[in-house]
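Values below: all heavy atoms of this structure, side chains included; hydrogens, waters and symmetry mates excluded.
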Amino acid sequence: MDISLLHAGLAAGAALAAVPVILHLFMRQTPKHVIFPALRLIRERHKRSKKRLKVKNWLLLAARMLLLALMALALARPTLNSETPLGDREIPTALALVFDTSMSMGYTDRGNTRLKEAQLRAAEILKKTTADSEVFVIDSALPVRPPAVSPSSARKLIDALTLKAANRPLNAALVQAAGSVAASNLARREVYVLTDLASSAWDLGATRTTEELEKFRKDKKKVNTYILKLTPKEVVDVAVVSAEPSSTVAAEGEPMEIKVTLRSSGPADSRVAELYLDGQKREQKLVDIPANGEKEVSFLTPTRLETGLHQGRIKLGGRTDFMEFDDTRYFSFNVQPALRVLVVADRTTAQDLDAQFVMNALSPEASVGAPEGVGTPYKIDRETRPQFQARPRLSTKDYACVFLLNLDQLTDRDWARLFAYVREGGGLVVAPGDRSLPSGYEGAAAASLLPAVLEAKKEAPVGTKFGKASYDHPLFDRHPKLLDPELTAWPVYRYWGVRPSETARTILQFTDGAPALIERSFKGARTGHVLLWTTPLSRRFDRAEPAAWNELPLSWAFLDILMQTVPYLAGTAGERLNYEAGEDAVITIDPARKASTYTVQGPEEELTQRLSAPTATDTLLIPTPSKEGQWEVKGTGPDGSKMKMGFSVNVPSVEAQVVELKPNDLDGLFGGKDYYKIALDAASLDREQAIGRYGLELFPWFMLLILALVTAENLLANKFHRDTATA
């Protein structure tokens, strides 16, 4: 802490405090000798009065000396923590203006968006900045370090700022700003952060911010940081925070369910949610949303949709609110013919239980003999082992995947056909049971295909259940938190002991550690997969039956896993068509129809780009599409056929909930309260600037102290003189 003086010469006036002493010494009167009667009592009283008078005179003298010294110091205008002399108010400044351009800054309050308010506040700051200052205009969304510009050029850059759906944490922009001004040779360095202080705009888990700012402090490069708080007094908003299709693929003739979540910030509200599909309004619903709460609603698309890409949006109709960007949410999905699945199982009973549970899970309509043409996610063909062996061919053009359920055995010819099918990109699920024979699964042809060799049937230890799963696998990654407790709730009585191959992967275990589900993959033009269950995909009502091995088919987890199995084996499970701004979009390409180049068209004409077809993968990468809306990807196949793909991009859902950052969080980001100042309006910014630039002036405090001393001096003088007169 240092002290500067506006008028240092006047501080010498403190020496005038010696004037009362000098006057006191030179104007002392020589006491007169008066002969007085020698009365002891009077002499003693005289001595006591003389002592008291000396003390009072010294107190009065000290008060007058201090009064003169304070007057001289007050005229010198002392200042604490002064960065520059008070006389140099207009000096060149290295100035960084950090603009929060996240979508929450689009909130409208008192007729202006938060970004527009930030631009106006920045213009006021630049008005008071000298022409030879260095200004850095930093957009929080752009990682490029900007050059220093003049105040006039900075105004043009500020006026051109827009909100951006893809943004980086303000921490990074703050460090960038501090580094820019710290590198300047100008004496005054300042950073202004113009933000609504929404917590979604900051990375609270990052430690790099504090570390980088501390480096500048260690270099003794003082940077004053001011946060211009633009948070609205009260946030009132209704937002569409999610609009998700139940799947990325709908079967032809099957409606797609769109699950929508609406959120209210503020009082309860009623809004109309509208479904638009392929440019046409299809349906609307009036939704009552509780105060500061959420409400879920769902829409069904029409059943007669053409195969291919379909894109739509959910929009809040009626009146507009204070934050328009979150009134719309986009989505995309594909329609394709129902995937055909072949289920092979011998009929051992009238109920055909070995196949019935799988058929019920994949296509309930098909399992009860629904007529042809009824829309189902999958079309099921049911065959016995002899029928399968008599089949002339097996191709991925015919079936997306094949289930072999509790078969006793297959020949080497059967395994060879299945091997060729999987190498072509097909999917195979093998679930042996009580009737299966190890000899029918251990030949050379079977060993080249299966993930493991069957060894022997085993009685599971008492209390064995399904246990640890690989929740990063597409079969389990949709609902990992729900699947984990559900799987461990269902008992297992028997399973096959197996010896996995070196190239296999166990993706589900029993609680005793034995493998429950093993996978083996085969790379090619299209990757083929084989899944081996070591316990049947069926159950029996009587636990005493030899075929009663587990109770998993009673669980919803059984349905969820099987519903993910077919698209995974067909190569569509990992496909994603809905993204948030800033994420890389990955589009799956049919290797048989790969184009040489692809045209990517964004929501706006200037977002068009051309990409070359990848050579090593069957996916096309579109790096970080940043504009919300519908995107299309078009290409021409080798045969001249046109292909149309696409995806949707939305604003991150966290932007729709403006939650103000807590003071403790700011302290953690900056390293303490002393390293930043918050300004609520222009007046508070002026006060904070004055303290940061010129320090804390002590003149008002000195004047108050002088006033107190003058009062005390008068009281003392009056009291002393009155006492003397009385005496």
Side-chain angles (χ1 to χ4, degrees), residues 246-249 251 338-339 341-345 353-364 366-367 376-378 380 399-406 426-433 451-452 460 464-496 498 504-511 514-521 527-539 549-576:
S246 57
S247 174
T248 58
V249 178
L339 296 173
V341 178
L342 177 61
V343 175
V344 183
L353 293 180
D354 284 328
Q356 199 67 40
F357 287 98
V358 171
M359 295 175 66
N360 282 340
L362 295 179
S363 183
S367 67
T376 59
Y378 311 112
I380 310 296
Y399 295 106
C401 67
V402 177
F403 283 80
L404 304 180
L405 305 175
N406 199 13
L428 176 63
V429 181
V430 181
T464 300
K465 298 177 182 179
F466 290 90
K468 184 178 180 181
S470 299
Y471 288 108
D472 59 341
H473 194 278
L475 293 186
F476 309 108
D477 64 356
R478 285 189 67 190
H479 311 291
K481 293 182 179 180
L482 298 176
L483 275 176
D484 187 56
E486 182 70 11
L487 284 172
T488 57
W490 297 97
V492 177
Y493 312 126
R494 301 175 185 87
Y495 57 79
W496 276 98
V498 296
R505 174 191 177 191
T506 299
I507 58 177
L508 177 64
Q509 295 179 337
F510 299 117
T511 51
L517 179 58
I518 313 170
E519 180 185 24
R520 189 175 182 181
S521 300
T527 301
H529 303 275
V530 180
L531 297 174
L532 174 64
W533 287 87
T534 61
T535 191
L537 297 178
S538 62
R539 70 177 293 272
W549 284 40
N550 67 78
E551 303 291 345
L552 182 62
L554 294 177
S555 167
W556 70 263
F558 177 81
L559 173 64
D560 187 73
I561 293 172
L562 283 185
M563 290 298 289
Q564 295 306 308
T565 295
V566 177
Y568 171 64
L569 296 179
T572 61
E575 189 174 18
R576 183 181 174 191

Asks: Could you check whether Asp472 pairs with Arg505 (Lys NZ or Arg NE/NH1/NH2 to Asp/Glu carboxylate O, under 4.0 Å)?
Replies: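 Looking at Arg505 together with Asp472, the answer is yes, because their closest N to O distance falls below 4.0 Å.
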Asks: One pair to check against side chain to side chain contact (heavy atoms under 4.5 Å, CB included): Leu405 and Val343. What are the steps and the verdict?
Replies: CA-CA 7 Å; Leu405 305 175; Val343 175; 3.7 Å; yes
Asks: Please report the interatomic distance CG(Leu531) to OH(Tyr568), rounded to the nearest 0.5 Å.
Replies: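 If we round to the nearest 0.5 Å, Leu531:CG and Tyr568:OH are 6.5 Å apart.
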Asks: So do the side chains of Val358 and Phe403 get within less than 4.5 Å of each other, counting heavy atoms only?
Replies: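 Yes, their side chains come closer than 4.5 Å.
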Asks: Using side-chain heavy atoms (C-beta onward) and a distance below 4.5 Å, is Phe476 in contact with Asp484?
Replies: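 They are not in contact (no side-chain heavy atoms under 4.5 Å apart), so the answer is no.
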Asks: Determine yes or no for a side-chain-to-main-chain donor-acceptor pair under 3.5 angstrom, with Thr488 supplying the side chain and Gly467 the backbone.
Replies: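 No, Thr488 side chain to Gly467 backbone: no donor-acceptor pair under 3.5 Å.
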Asks: Would you say the side-chain atoms of His473 and Glu519 include a donor-acceptor pair closer than 3.5 Å?
Replies: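 Yes, because at least one side-chain N or O of His473 sits under 3.5 Å from a partner of the opposite role on Glu519.
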Asks: Test your reading of the model: is there a side-chain donor-acceptor pair from Trp533 to the backbone of Val430, 3.5 Å cut-off?
Replies: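 Absent.
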Asks: For a side chain to side chain contact (heavy atoms under 4.5 Å, CB included) check, start with the C-alpha distance between Leu487 and Ile561, then their side-chain angles and the critical distance, and finish with the verdict.
Replies: CA-CA 11 Å; Leu487 284 172; Ile561 293 172; 4.2 Å; yes
Asks: What's the spacing between Tyr378 OH and Met563 CE if we round to 0.5 Å?
Replies: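 CE of Met563 is found 4.5 Å from OH of Tyr378.
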Asks: Hey, could you give me the CD/OG distance between Gln509 and Ser470, rounded to the nearest 0.5 Å?
Replies: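 Between atom CD of Gln509 and atom OG of Ser470 there are 8.0 Å.
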Asks: Indicate the atoms forming the closest heavy-atom contact of Phe558 with Leu537, along with that distance.
Replies: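 Residues Phe558 and Leu537, closest heavy atoms: CZ-O, 3.8 Å.
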Asks: Could you tell me whether the side chain of Thr534 and the main chain of Pro515 form a donor-acceptor pair under 3.5 Å?
Replies: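 Looks like yes, one N/O pair under 3.5 Å.
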Asks: Roughly how far, to the nearest 0.5 Å, is the CZ atom of Arg539 from the CG atom of Leu353?
Replies: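 The CG atom of Leu353 sits 9.5 Å away from the CZ atom of Arg539.
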Asks: On a heavy-atom basis, which atom in Ser521 and which in His529 lie closest, and how many Å separate them?
Replies: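 Between these two residues, the closest heavy atoms are OG-ND1, 3.0 Å.
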Asks: Kindly say whether Arg494 contributes a backbone atom to a donor-acceptor pair with the side chain of Thr535 at under 3.5 angstrom?
Replies: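 The answer is yes, because a donor-acceptor pair under 3.5 Å joins these two groups.
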Asks: Kindly say whether Leu508 contributes a backbone atom to a donor-acceptor pair with the side chain of Thr506 at under 3.5 angstrom?
Replies: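 No; judged by distance alone, with no hydrogens or angles, the pair does not exist.
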Asks: In chain order, what residues pass the ring pair (Phe, Tyr, Trp, His ring centres under 6.0 Å) check against Phe510, with sequence neighbours excluded?
Replies: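 Phe510 satisfies ring pair (Phe, Tyr, Trp, His ring centres under 6.0 Å) with Phe466, Tyr495 once adjacent residues are dropped.
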Asks: Which heavy atom in Pro451 sits nearest to a heavy atom in Ala504, and how many Å separate them?
Replies: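 Smallest interatomic distance, heavy atoms only, reads O-CB, 3.3 Å.
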Asks: Show your working on side chain to side chain contact (heavy atoms under 4.5 Å, CB included) between Trp556 and Leu483 and close with a plain yes or no.
Replies: CA-CA 9 Å; Trp556 70 263; Leu483 275 176; 4.0 Å; yes
Asks: Where do Ser538 and Asp354 come nearest, in terms of heavy atoms and distance?
Replies: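 For Ser538 and Asp354, the tightest heavy-atom pair comes out as OG-OD1, 3.7 Å.
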Asks: Which heavy atom of Leu517 sits nearest a heavy atom of Leu475, and at what distance?
Replies: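 Taking every non-hydrogen atom into account, CD2-CD1, 4.0 Å.
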Asks: Taking it one step at a time, do Asn550 and Trp490 satisfy side chain to side chain contact (heavy atoms under 4.5 Å, CB included)?
Replies: CA-CA 8 Å; Asn550 67 78; Trp490 297 97; over 6 Å; no
Asks: Any heavy-atom pair between the side chains of Val429 and Thr565 that's under 4.5 Å?
Replies: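 Heavy-atom side-chain distance check passes, below 4.5 Å.
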Asks: Relative to each other, are the rings of Trp549 and Trp496 parallel, tilted or perpendicular (30° and 60° limits)?
Replies: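 Tilted: the ring planes of Trp549 and Trp496 meet at 30° to 60°.
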Asks: To check you understand the geometry: which heavy-atom pair defines the closest contact between Cys401 and Leu569, and what is its length?
Replies: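 The pair with the smallest heavy-atom distance is CB-CD1, 3.7 Å.
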